[in-house]
Amino acid sequence: MFGKLTLHDIPFDQPIIMATCAAILIGGAAVLGLITYLGRWRWLWTEWITSVDHKRVGLMYIMLALVMLLRGFADAIMMRTQLVLAGGGHLGYLPPEHYHQVFSAHGTIMIFFVAMPFVVGLMNFVVPLQIGARDVAFPVLNSISFWLTAAGALLPNIALGVGEFARTGWLAYPPLSELAFSPGVGVDYYLVALQISGIGTLLSGINLITTILKMRAPGMELGMMPVFTWTALGSNMLIVASFPILTVTFGLLMLDRYLGFHFFTNDAGGSPMMFINLIWCWGHPEVYILILPAFGVFSEVIATFSGKPLFGYRSMVVATLVITILAFVVWLHHFFTMGAGADVNAFFGVATMIIAIPTGVKVFNWLFTMYGGRIRFETPVLWTLGFMVTFVIGGMTGVLMAVPSNDFLLHNSLFLVAHFHNVIIGGVLFGCFAGMNYWFPKAFGFLLEPRLGKAAFWCWLIGFYLAFMPLYVLGFLGMTRRMNHYDNPAWTPYLLVACAGAFLIFGGIVLQILQLVVSIRTWRSRRDLTGDPWDGRTFEWSVASPPPVYNFALTPEVDGLDAYWRAKGAARSESPAYEDIELPKNAPAGFLLAFCAVATGFAVVWHIWWLALGGFAAAIAVLIASSWRAHAEYVVSADEVADIERRGRITAGSPVCIRA
């Protein structure tokens with residue numbers, strides 16, 4: 001009845017795992033108990049869980065990313081401390097099989113369930129507001145996209161206490177991920193979780209592309225879109241082009257594991273190299289899927305806090321599009337050492353160096369924007385300046401490894417690990433934190449506490465350099481990645497510094513949590529009654545904070561770049577003629593599909609086929625019922641709109657968004 005699942009699959013003999021699971025269960029029970037005690041279940045259901053408002057969906061993406069950041073960073077702390085203790089013949093405190101699960105889970109969670117939800121959440125929240133739209137093109141599909149991502153994120157956490165997670169690294173290369181070498185359920189958890197979340201991401205990409213291309217305000221031509229919207233368009237085009245590759249690749253590996261196929265084995269004509277080609281055809285565009293929206297955030301922050309139009313708008317747009325195209329012609333630099341030949345390696349090495357040019361254009365444009373401006377060193381600006389220094393270092397090390405002869409020396413070493421984190425942390429995460437601090441008052445109606453935010457930034461920045469600069473040195477000294485113990489005592493001092501840096505980053509995370517707590521407790525004194533606390537340039541700052549459910553009472557008219565900035569101070573109509581606004585009703589389809597996806601995914605992992613069929617059938621039933629739902633819209637009357645607009649600026653400081 002329960003397939004392969006038995007009580008022996010719960011690791012009762014692993015005290016670290018059991019203590020972690022107990023803490024998660026106790027914490028979850030405490031949260032549920034608090035919601036029950038406060039009587040907030042109906043509010044939670046109507047205002048968040050079933051909401052199809054793009055702003056709520058975007059914020060839920062970001063909340064998911066922040067929660068998973070804590071889980072993924074806990075894995076990072078475990079790896080750093082293990083390597084400090086596992087030198088000179090000592091084995092450390094993590095058994096090898098547990099350590100391998102930890103580093104696989106760390107990479108998987110940080111890329112798929114921290115970075116991806118964070119950037120998708122920012123795009124969901126900001127893009128419709130920037131282009132003058134009332135919502136995304138497909139609001140219910142947007143909710144489904146989020147809940148599928150959340151369902152995928154739940155499965156690796158279930159794997160923590162029921163069974164195991166993959167021991168293959170975050171890309172699950174065969175033959176290690178094939179059944180012969182990974183007979184347990186760890187790789188199955190990995191594959192099923194990423195298939196579910198990947199479908200959600202693909203649907204979100206389709207939705208946002210359609211929104212940008214078809215729902216812009218009257219007069220907003222493509223050449224008038226804010227740079228963040230341009231980067232969102234490039235990112236989502238890459239999602240739509242690359243994520244089907246990931247889905248097919250994992251589907252083929254699942255056929256190998258479940259039905260005895262041989263796509264990626266040496267038996268019956270299969271080839272592990274085909275997997276590596278396919279996974280990096282997705283994997284390198286994925287880097288730019290993450291970094292392009294971060295570039296957009298920095299562009300908005302620099303222009304706003306310099307009090308100037310962004311320097312070189314057209315060149316920024318062209319650079320974004322060039323990066324989008326070149327992202328698909330550099331994937332082979334990830335396996336220069338695998339025998340492709342000198343001519344192929346040379347082509348991909350040159351292509352990798354060329355992609356640094358449009359990135360450099362962006363950096364110089366940001367510098368020229370700041371030049372001569374009256375820069376206000378608020379928290380988002382600090383994250384941006386930290387990015388500019390850190391990312392340039394990461395870019396230079398990337399160009400260094402783009403030379404195939406260098407890559408033969410550095411491949412599979414900690415130098416590569418340092419470079420990757422240089423780009424992802426110094427670029428993507430710093431961009432996400434800059435965006436969170438920048439748009440937080442727009443989302444919630446009050447500003448974050450600045451001193452704690454700046455202290456958190458310095459902990460992150462200094463901690464990052466302490467944690468990863470030693471890894472560059474260790475890479476030159478010959479230390480390879482994925483090691484769980486080592487015998488060279490010369491490596492230990494560098495690993496001690498790296499561990500200290502990780503704990504300093506942990507201090508930054510604690511300060512960020514404290515920043516949120518203090519800001520919420522003192523929100524009344526931090527209210528934004530203007531809707532435009534930073535003196536912004538784009539349309540999201542033209543509405544109340546938080547924005548009303550319909551975003552814009554009157555669809556804005558656009559007559560050029562930075563139309564809102566130029567319209568500030570212009571005479572406005574005292575009695576605008578409001579009209580009725582039709583909006584989509586809440587829909588439980590996404591939440592119900594998440595339940596179906598988790599049940600089906602868990603059943604597939606453990607070969608509980610009756611549950612898998614039942615979960616799949618239930619998902620089809622939910623989709624059919626949602627598709628045939630009558631009266632899926634409601635109308636906000638012109639009088640209600642007028643009343644909301646009249647109250648908007650007065651109540652803008654409320655932590656709960658204004659709703660009809």
Side-chain angles (χ1 to χ4, degrees), residues 62 115 118-123 125-127 130 225-235 287-324 355-371 373-395 398 422-440 442 448 453-454 456-457 460-461 464 534-538 540-541 561-562 565:
I62 294 171
F118 219 141
V119 298
V120 173
L122 288 174
M123 290 187 294
F125 182 86
V126 176
V127 165
Q130 282 199 338
M225 294 195 308
V227 172
F228 180 79
T229 301
W230 268 113
T231 59
L233 179 61
S235 176
V287 175
Y288 294 98
I289 288 169
L290 297 175
I291 199 63
L292 280 175
F295 287 166
V297 172
F298 298 132
S299 297
E300 302 294 339
V301 168
I302 288 296
T304 296
F305 290 100
S306 297
K308 291 174 57 182
L310 188 67
F311 181 90
Y313 169 84
R314 292 180 184 275
S315 62
M316 292 291 268
V317 172
V318 171
T320 298
L321 296 177
V322 169
I323 290 171
T324 302
I355 204 171
I357 296 173
T359 305
V361 168
K362 287 179 174 287
V363 173
F364 281 110
N365 281 354
W366 292 323
L367 290 172
F368 290 141
T369 302
M370 289 189 292
Y371 180 76
R374 294 185 176 182
I375 304 171
R376 292 169 285 152
F377 289 96
E378 301 287 350
T379 307
V381 177
L382 293 184
W383 287 109
T384 302
L385 296 176
F387 150 80
M388 291 174 69
V389 176
T390 306
F391 189 80
V392 166
I393 294 173
N422 219 151
V423 173
I424 296 300
I425 294 179
V428 178
L429 263 186
F430 280 20
C432 290
F433 291 147
M436 185 177 75
N437 281 270
Y438 181 57
W439 282 303
F440 188 93
K442 178 53 58 181
L448 286 170
K454 293 175 181 178
F457 161 75
W460 267 94
L461 185 69
F464 169 81
W534 307 127
D535 195 18
R537 310 184 69 85
T538 46
E540 71 268 30
W541 305 109
L561 189 63
D562 285 345
W565 174 264

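Start at 1 with the first residue, then count along the sequence.
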Practice problem: Compare every heavy atom of Gly427 with every heavy atom of Ala294, then report the nearest pair and how far apart it is. | Solution: CB-O, 3.7 Å
Exercise. Could you tell me how the ring of Phe433 sits relative to the ring of Phe118: parallel (under 30°), tilted (30 to 60°) or perpendicular (over 60°)?
Key: perpendicular
Exercise. Apply side chain to side chain contact (heavy atoms under 4.5 Å, CB included) to the pair Phe228 and Thr538, showing each step before the final yes or no.
Key: CA-CA 10 Å; Phe228 180 79; Thr538 46; over 6 Å; no
Exercise. Any chance you could lay out the side chain to side chain contact (heavy atoms under 4.5 Å, CB included) test for Phe125 and Ile62, step after step, and finish with the verdict?
Key: CA-CA 10 Å; Phe125 182 86; Ile62 294 171; 5.5 Å; no
Exercise. Over all heavy atoms of both residues, which pair between Glu540 and Gln130 is shortest? Give the atoms and the distance, please.
Key: OE1-CG, 3.1 Å
Quiz item: How long is the gap from CZ on Phe305 to OG1 on Thr369, to the nearest 0.5 Å?
Solution: 14.5 Å
Quiz item: Does a side-chain heavy-atom distance below 4.5 Å link Met370 with Leu385?
Solution: yes
Quiz prompt | Residue pair Arg376 / Thr304: nearest heavy atoms and the distance that separates them | solution = NH2-O, 2.9 Å
Quiz item: What heavy-atom pair brings Val392 and Met388 nearest, and what distance separates the two atoms?
Solution: CG2-O, 3.0 Å
Practice problem: Hey, can you tell me if Trp534 and Tyr438 have their rings parallel, tilted or perpendicular (30° and 60° cut-offs)? | Solution: parallel
Practice problem: Decide side chain to side chain contact (heavy atoms under 4.5 Å, CB included) for Thr324 and Tyr288; before the verdict, give the C-alpha distance in whole Å, the side-chain angles of both, and the deciding distance to 0.1 Å. | Solution: CA-CA 7 Å; Thr324 302; Tyr288 294 98; over 6 Å; no
Quiz item: Are any of the side-chain heavy atoms of Ile323 and Lys362 separated by less than 4.5 Å?
Solution: yes
Self-check item: Interatomic distance, Leu448 atom CG to Phe440 atom CZ [nearest 0.5 angstrom]
Solution: 4.5 Å
Quiz item: Of all residues at least two apart in sequence or in a different chain, which pass the side-chain hydrogen bond (donor to acceptor under 3.5 Å, both in side chains) check with Ser299?
Solution: Trp366
Self-check item: Minimum heavy-atom distance Leu292-Thr231, with the two atoms named
Solution: O-CB, 3.1 Å
Quiz prompt | OG-CD1 distance between Ser306 and Ile375, expressed to the nearest 0.5 angstrom | solution = 4.5 Å
Practice problem: Decide yes or no for Leu122 and Trp439: does some side-chain heavy atom of the first lie under 4.5 Å from some side-chain heavy atom of the second? | Solution: yes
Quiz item: Mind checking what makes side chain to side chain contact (heavy atoms under 4.5 Å, CB included) contact with Leu461, not counting sequence neighbours?
Solution: Thr390, Phe430, Phe457, Trp458, Tyr465
Quiz item: Once you round to the nearest 0.5 Å, how far does CD1 of Ile291 lie from OG of Ser235?
Solution: 10.5 Å
Quiz prompt | Test item: Lys308 side-chain N/O and Tyr371 main-chain N/O as donor-acceptor pair under 3.5 Å | solution = yes
Exercise. Over all heavy atoms of both residues, which pair between Thr384 and Ala434 is shortest? Give the atoms and the distance, please.
Key: OG1-CB, 4.3 Å
Practice problem: Starting from the C-alpha separation in whole Å, work towards a yes-or-no answer on side chain to side chain contact (heavy atoms under 4.5 Å, CB included) for Val120 and Met123. | Solution: CA-CA 5 Å; Val120 173; Met123 290 187 294; 4.2 Å; yes
Quiz item: Below 4.5 Å, heavy atoms only, C-beta onward: do Trp383 and Val297 meet side chain to side chain?
Solution: no
Quiz item: If you measure from CD1 on Ile424 to CZ on Phe391, what distance do you get to the nearest 0.5 Å?
Solution: 8.5 Å
Quiz item: Any side-chain heavy atom of Asn422 within less than 4.5 Å of one from Phe464?
Solution: yes
Quiz item: Below 4.5 Å, heavy atoms only, C-beta onward: do Val423 and Val428 meet side chain to side chain?
Solution: no
Quiz item: Among all residues two or more places apart in sequence or in another chain, which pass the side chain to side chain contact (heavy atoms under 4.5 Å, CB included) test with Asn365?
Solution: Phe311, Ser315, Met316, Val361
